[in-house]
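To keep things clear, I will list the structure first and then write my remarks on it.
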Amino acid sequence: MQQKVSLKLLPHQLANEADVISAISKATGNKESNISGFQIHKQSIDARGKTIWINCTVNAFINEPFQKRTIQFFHFKEVSNTSKKVIIIGAGPAGLFAALQLLELGIQSIILERGKDIRARRRDLAILNKEGIVNPDSNYCFGEGGAGTYSDGKLYTRSNKRGDIDRILNLFVHFGAEEKILYDAHPHIGTNKLPNIITAMREQLIASGAQFIFEKKVTDLKIEKDKVTGVHTSDGDFFKGDAVILATGHSARDIFELLHRKKIAIEAKPFALGVRVEHPQILIDQLQYHCNSRGEFLPPAAYSLVQQVNGRGVFSFCMCPGGIIAPAATSPGELVVNGWSPSKRNNPYANSGMVVNVEIADAANSRKKNNLLSQESAESPLQLMLFQQMVEQQCYNAGGGDFKAPAQRMVDFSNGKLSNNLPDCSYQPGISSVQLSEVLPDFIYQSLAQGFKAFGKKMKGYFSNEAVVVATESRTSSPIRIPRDSITLTHPQLTNFYPCGEGAGYAGGIVSAAMDGERIAKQIEKTISKL
Ligand SMILES: Cc1cc2nc3c(=O)[nH]c(=O)nc-3n(C[C@H](O)[C@H](O)[C@H](O)COP(=O)(O)OP(=O)(O)OC[C@H]3O[C@@H](n4cnc5c(N)ncnc54)[C@H](O)[C@@H]3O)c2cc1C
């Protein structure tokens, strides 16, 4: 017999099979010797009280032999000789999962990626970190696997489409991720493991007949009547296709500009912008686990904070326990930070984005103050993107160049005091002490300054000069939405053109981008025979 059992265990008990079996025995009234094993179904940490508990649901095998978890099977069809072809622009999670889903449906795709493959991309990241030189086509956002590859690999999503989420997680496991992501409440892969998983996806695609071409930047669309019949690339090549998926992410500003120039409708979309905050991990562990040291059985602690300040949302974003702050800019002269962590999350720092909601009117007001509105009017759909770029440029200049980031200790930041010195920080290009109130737009600065104080009340010890505030976290989500029909999922002006993923405004994170890619692929299957 197999029985679902809910358990409340101490962290060291979960790490010891005999203790778990003993707990199952107590919970079910069965003898320990009759329990042959268990599979964990769900697992989450309850750190609300003085004692830290792990809540878990297990599938216990009682009076029958234990069986290992069966992993979902995926069948990828051979597509080399199929007649129809889908062009996928961008090999991030949205593009990759669209291509994999198309394979399962027996449809061929050609993936055009402006960046380099995983290995070559890693060299460009090293140059960016050590020498402060960014390659505009190969960086933390662009290249094989998209912005998801050298990320934290947190696979948590607010989406409630459980079936779809499980499918995405199972696909990650199929391509090499640990099974733990299937049951952990906050699944996480880690930067060190993601590259092999993404490589395995590419190898499967190529083995089944899909094409994958790196260093192919799409620069124009060929439009005939109401269809995109092909795409031009920066090196003069042209690729024909029956349908086109645009999955270029939130940092492909040249694509937004191209669509705007070609009068293909796009819309400004509110997003969030702020800073990345870094504390010593040990401090966050002490605050969250109410102890001096978390010991060997608990993971480095995370946090999630949200506060309304004068009617505006201030919230933590993409928190990375045991992580590193990364230079995530895609162009010279712009400073963008983000965070990643390895699978063990074993760096001594805890970083998190701390961002403020930005509305269309805020962008226009800020650009007006900087005499920048003449470039594009306040009604332009590029308005928020240009605001984002303006702040990134101001931060780059304030940092002193070479991707040094302007920074301030947290209490100094909120009190408007220049920091005399700065603590150690994981951000490799280096940080410079700057009065951030003079760099960030006033509404962002004021919201964060008050927000940090409020967070310090919710989480005593958080508001501390041991923490450093690094600017700017600006690529939280796309500042633009590319409209699409809610049923056909195509752009309203183009019947075979599918805006997809985070850049088009339909996802925020790896899992939701992957789910959107799959959704588009399934929709294409319904219509491709007619194209
Ligand atoms: C450092 C970092 C850490 C992150 N951590 C997490 C995390 O832990 N969890 C999480 O859920 N999310 C995280 N994110 C966000 C996540 O990576 C994105 O939400 C996700 O990758 C979006 O997927 P996408 O496929 O829509 O776009 P992207 O991943 O941005 O992919 C777009 C792809 O299109 C390519 N492209 C762009 N323009 C062109 C063109 N003209 N021609 C051809 N190709 C083009 C790009 O090179 C890129 O590869 C992180 C992001 C960064 C940068």
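In each ligand, atom 1 is the first atom listed, and ligand 1 is the first ligand listed.
Judged by the 6.0 Å distance and 45° axis criteria, Arg475 is not positioned over the aromatic ring of Phe271. With a 6.0 Å cutoff to the six-membered ring centre and a 45° limit on the axis angle, Arg121 does not count as a cation-pi contact of Tyr150. Geometrically, Arg114 engages Phe142 in a cation-pi contact, judged by NZ or CZ lying under 6.0 Å from the ring centre and within 45° of the ring axis.
Taking the charged nitrogens against the carboxylate oxygens, Glu104 and Arg167 do have a contact shorter than 4.0 Å, which makes a salt bridge. Arg253 has a carboxylate O that lies under 4.0 Å from a charged side-chain N of Glu334, or vice versa, which qualifies the two as a salt bridge.
Using cut-offs of 30° and 60° for the angle between ring planes, the Phe74 and Phe76 rings count as parallel.
Contacts of ligand 1 (protein heavy-atom distance under 4.0 Å) are Ile89, Gly90, Ala91, Gly92, Pro93, Ala94, Leu112, Glu113, Arg114, Tyr140, Cys141, Phe142, Gly143, Gly146, Ala147, Gly148, Tyr150, Ser151, Asp152, Gly153, Lys154, Lys216, Lys217, Val218, Ala247, Thr248, Gly249, Ala252, Ile255, Cys318, Asn338, Gly339, Gly501, Glu502, Gly509, Ile510, Ala513.
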